[in-house]
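Everything on this sheet refers to the single structure shown next.
Excluded from the calculations below are hydrogen atoms, water molecules and symmetry mates; all remaining heavy atoms, backbone and side chain alike, are included. Along the sequence shown, residues are numbered consecutively beginning with 1.
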Amino acid sequence: QVQLVESGGGLVQPGGSLRLSCTASGIIFAQYLMGWYRQVPGKQRELVARIFSGGSTSYADSAKGRFTISRDNAKNTVYLQMNSLKSEDTAVYYCNAERTLWGTKYWGQGTQVTVSS
């Protein structure tokens with residue numbers, strides 16, 4: 001019933017931009033904290049950005065100034081605008097939904113972002 005579907009990944013040149021989207025179904029979207037994570041083979045999955053119900057955002061140091069997370073509750077969608085992409089941004093990006101009050105977490109299937117050099 002619960003599903004998070006990411007889209008927007010692809011191959012881009014260094015300095016380019018991508019906009020990732022994650023659409024949720026099966027949950028009351030506005031009640032969830034939304035986040036974007038990424039994972040490189042052989043490394044731990046790391047938090048990139050989070051956005052809370054009140055609109056507050058939090059970013060990893062590597063993303064500050066380049067990435068912007070936003071959400072549209074009417075569309076049950078969270079976005080990650082990625083600008084000035086670097087080769088080290090190459091990873092599988094995952095959408096996460098968390099209901100902290102109940103300890104409930106859901107993950108999307110991931111979307112590949114590859115920044116060529």
Side-chain angles (χ1 to χ4, degrees):
Q1 288 280 39
V2 179
Q3 190 172 24
L4 305 179
V5 180
E6 301 99 333
S7 63
L11 175 64
V12 297
Q13 298 180 24
S17 298
L18 281 176
R19 190 193 193 202
L20 305 183
S21 299
C22 171
T23 299
S25 60
I27 62 172
I28 302 176
F29 185 80
Q31 296 180 351
Y32 283 77
L33 309 180
M34 302 301 300
W36 286 97
Y37 293 71
R38 67 187 181 188
Q39 187 168 29
V40 176
K43 294 186 177 181
Q44 292 182 304
R45 188 171 298 183
E46 65 176 0
L47 175 67
V48 178
R50 299 186 76 182
I51 184 166
F52 301 86
S53 297
S56 297
T57 57
S58 178
Y59 297 91
D61 288 340
S62 60
K64 291 179 180 177
R66 299 188 298 124
F67 294 3
T68 302
I69 188 170
S70 61
R71 66 192 294 166
D72 187 339
N73 290 342
K75 294 183 171 64
N76 286 3
T77 300
V78 61
Y79 306 93
L80 185 67
Q81 178 67 47
M82 304 187 293
N83 299 323
S84 301
L85 284 163
K86 306 173 181 179
S87 60
E88 52 261 45
D89 295 318
T90 296
V92 177
Y93 285 72
Y94 295 90
C95 178
N96 172 263
E98 181 176 348
R99 186 73 191 275
T100 305
L101 181 63
W102 297 327
T104 305
K105 295 184 289 186
Y106 300 102
W107 293 95
Q109 82 287 352
T111 184
Q112 176 70 231
V113 172
T114 302
V115 185
S116 66
S117 179

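The two residues R71 and F29 make their nearest non-hydrogen contact at NH2-O, 3.0 Å. Of all non-hydrogen atoms in I27 and A24, the two that sit nearest each other are CD1-CB, 3.9 Å. Of all non-hydrogen atoms in A30 and N73, the two that sit nearest each other are CB-ND2, 3.8 Å.
Other residues, nucleotides and ligands contribute only 12 or fewer heavy atoms inside 6.0 Å of the CD atom of Q13. Heavy-atom contacts from other residues, nucleotides or ligands closer than 6.0 Å to CG of L101 number more than 12.
Rounded to the nearest 0.5 angstrom, S58 OG and K64 NZ are separated by 7.0 Å. Taking CG from L33 and OG from S53, the interatomic distance works out to 5.5 Å, rounded to the nearest 0.5 Å. In this structure, CG in L4 is found 7.5 Å from CG in N96, a value given to the nearest 0.5 Å. Rounded to the nearest 0.5 angstrom, M34 CE and E98 CD are separated by 10.5 Å. Taking SG from C95 and CD from Q3, the interatomic distance works out to 11.5 Å, rounded to the nearest 0.5 Å. Atom CD of residue Q112 and atom OG1 of residue T90 lie 7.0 Å apart, to the nearest 0.5 angstrom.
Residues D89 and R38 have side chains in contact (heavy-atom distance under 4.5 Å, counting atoms from C-beta outward). Side-chain contact between Y32 and Y106 is present, with at least one heavy-atom pair separated by less than 4.5 Å. Inter-residue side-chain proximity for L20 and E6 is flagged as unmet; no heavy-atom pair is nearer than 4.5 Å. Contact of the M82 side chain with the R66 side chain is not registered, since no non-hydrogen atoms from C-beta on lie closer than 4.5 Å. Side-chain contact check for K86 versus V115: every heavy-atom pair is 4.5 Å or farther apart. Looking only at side-chain heavy atoms (C-beta outward), I69 and V78 come within less than 4.5 Å of each other.
Y93 and Y79 end up in different hydrophobic clusters when Ile, Leu, Val, Met, Phe, Trp and Tyr side chains are linked at under 4.5 Å. No single ILVMFWY cluster, assembled from side-chain heavy atoms under 4.5 Å apart, contains both F52 and L47. The hydrophobic clustering, which links ILVMFWY residues whose side-chain heavy atoms are closer than 4.5 Å, places Y59 and L85 together. A single hydrophobic cluster is not seen to contain both Y94 and L80; linkage of ILVMFWY side chains at heavy-atom distances under 4.5 Å, directly or through other members, places them apart.
Using cut-offs of 30° and 60° for the angle between ring planes, the W107 and Y37 rings count as perpendicular.
Between the side chains of N83 and S17, at least one donor-acceptor pair of N or O atoms lies under 3.5 Å.
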> Going through the distances and angles, do T77 and T23 end up as a side-chain hydrogen bond (donor to acceptor under 3.5 Å, both in side chains)?
Replying inline: CA-CA 4 Å; T77 300; T23 299; 3.1 Å; yes
